[in-house]
2 protein chains.
Amino acid sequence: MSDELSRALATRGYRVTAARRVILDTLVEHGSHLTADELTELVRQRATGIGRMTVYRTLDLLCGLGLLRPVYQGTGAAHYILMEDGHHHHLICTACSRVIEFDECALGDLPARVAGRLGFRIEGHLLELYGVCAECAGS
Amino acid sequence: MSDELSRALATRGYRVTAARRVILDTLVEHGSHLTADELTELVRQRATGIGRMTVYRTLDLLCGLGLLRPVYQGTGAAHYILMEDGHHHHLICTACSRVIEFDECALGDLPARVAGRLGFRIEGHLLELYGVCAECAGS
DNA sequence: GAGATAATTGATATTTTGTATCAATTATAG
DNA sequence: CTATAATTGATACAAAATATCAATTATCTC
């Protein structure tokens, strides 16, 4: 799991340090949607002495490599989602901010078409559907 | 333009105040991707005395109504995008963070299908494609 | 229109997030 | 094992977001 991330770092010339390993493990095992400081908390439960800065920097690094994405979910902090599979799909209630993940993906060749036209090499995507959930619509 | 937003507020029982009008006007005329503090700057060039808090609160209000969305683009602050047309599409370089908008939209009936299954009333969506732009791939 | 009422405002203070710096440490190449 | 350069983490700082509350103001009722 997190081995893939470690390898991705090593492949691109980044060092795989003890701190980074703990951070990656925690990230993968906990799943997505953590903020940087929440992750720092969890990391510190496993290995004391890991600084907040290191967590922030590791997250930035993964984002720069396209393996992670920051998303904003209303609270003042960025939440991070893993892009291991290359895509992520959210259904978000704009009234209560709840976030539900779903798997269905029907983009077809859209990414490739757009990418080709603009000279991008596409790595993944995020699709967020916004609406009002049943409970919020009721009240 | 911003009249639609004003009407949306009025319809749902929110007051259309002078401050809110200026904020909505500025938001619509400038287009998207502003942070709260950038918007505050612009708003204050038009009408002095409008507080930062009011801008933040108005943005929150619009987000809660599904008319606006906060997105995170790497800088520490949330950027806001208007959801007037119901959808928004970004092509984002994960290396240099540049954001390009595109129009093509090929979701078909996916939103309706997912929404139906989970009891959501869908209002819009955001599709973000992640990749590496030509310049970053070259270097 | 004028007054009552409740939403809204904005100044201020505070908390939370994110960034910069730099000496000490540590992973890797040779 | 050593040299070297990336990485770390403590500290300090800057920026962004939230809480509070008296003063103001839009709307409703008459």
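Proteins come first, then strands; the chains are lettered A, B, ... in the order of their sequence lines, and each starts at number 1. Worth saying up front: this structure is predicted, and the values here are computed from it rather than measured.
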*Asks:* On the nucleotide C/dG18, are OP1 or OP2 found under 4.0 Å from the side-chain N or O atoms that B/Tyr72 carries?
*Replies:* yes
*Asks:* Less than 3.5 Å apart, any donor N or O on the side chain of A/His125 or A/His89 sitting next to an acceptor on the other?
*Replies:* yes
*Asks:* Determine: side-chain N/O of A/Thr54 to OP1/OP2 of D/dG9, distance under 4.0 Å, yes or no.
*Replies:* yes
*Asks:* Here's a test of your reading of the structure: between B/Tyr14 and A/Gly13, which maps to the more 5' nucleotide of DNA chain D?
*Replies:* A/Gly13
*Asks:* Given C/dG18, is OP1 or OP2 found less than 4.0 Å from the side-chain N or O atoms of B/Thr75?
*Replies:* no
*Asks:* Ignoring backbone atoms, establish whether B/Arg52 has a side-chain N or O less than 4.0 Å from OP1 or OP2 of C/dT12.
*Replies:* no
*Asks:* Which comes earlier along DNA chain C counting from the 5' end, the contact point of A/Ala77 or that of B/Arg15, where each point is its nearest nucleotide?
*Replies:* B/Arg15
*Asks:* Just to be sure I understand the geometry, which residues of residues 39-51 of chain B put a non-hydrogen atom under 4.0 Å away from DNA chain D?
*Replies:* none
*Asks:* Roughly, in whole Å, what's the span from CE in B/Met53 to P in D/dC21?
*Replies:* 14 Å
*Asks:* Check every strand shown and say whether A/Arg57 touches a base, only sugar-phosphate, or nothing at a heavy-atom separation below 4.0 Å.
*Replies:* base
*Asks:* Could you check how far CG of A/Asp37 sits from C1' of D/dA16, rounded to whole Å?
*Replies:* 13 Å
*Asks:* Atom CG of B/Leu24 to atom P of C/dT8: distance rounded to whole Å?
*Replies:* 13 Å
*Asks:* A/Arg21 has an atom CZ; how far is it from atom C1' of D/dT7, in whole Å?
*Replies:* 13 Å
*Asks:* Could you state the NE2-C1' distance from A/His79 to C/dT16, rounded to the nearest angstrom?
*Replies:* 12 Å
*Asks:* Let me know the distance between CG of A/Asp60 and P of C/dT17, rounded to the nearest Å.
*Replies:* 16 Å
*Asks:* If we ignore angles and hydrogens, is there a donor and acceptor under 3.5 Å between the side chains of A/Glu101 and A/His33?
*Replies:* yes
*Asks:* State which residue, out of A/Leu129, A/Leu127, A/Leu126, fulfils the side-chain contact (heavy atoms from CB on, under 4.5 Å) condition with A/His90.
*Replies:* A/Leu126
*Asks:* Please classify the nucleic acid contact of A/Gly74 as base, sugar-phosphate, or nothing, using heavy-atom distances under 4.0 Å.
*Replies:* sugar-phosphate
*Asks:* Just to confirm, is there a sub-4.0 Å distance from OP1 or OP2 of D/dT8 to any side-chain nitrogen or oxygen of A/Thr17?
*Replies:* yes
*Asks:* Output the rounded distance in Å from OH (B/Tyr80) to P (D/dA16).
*Replies:* 12 Å
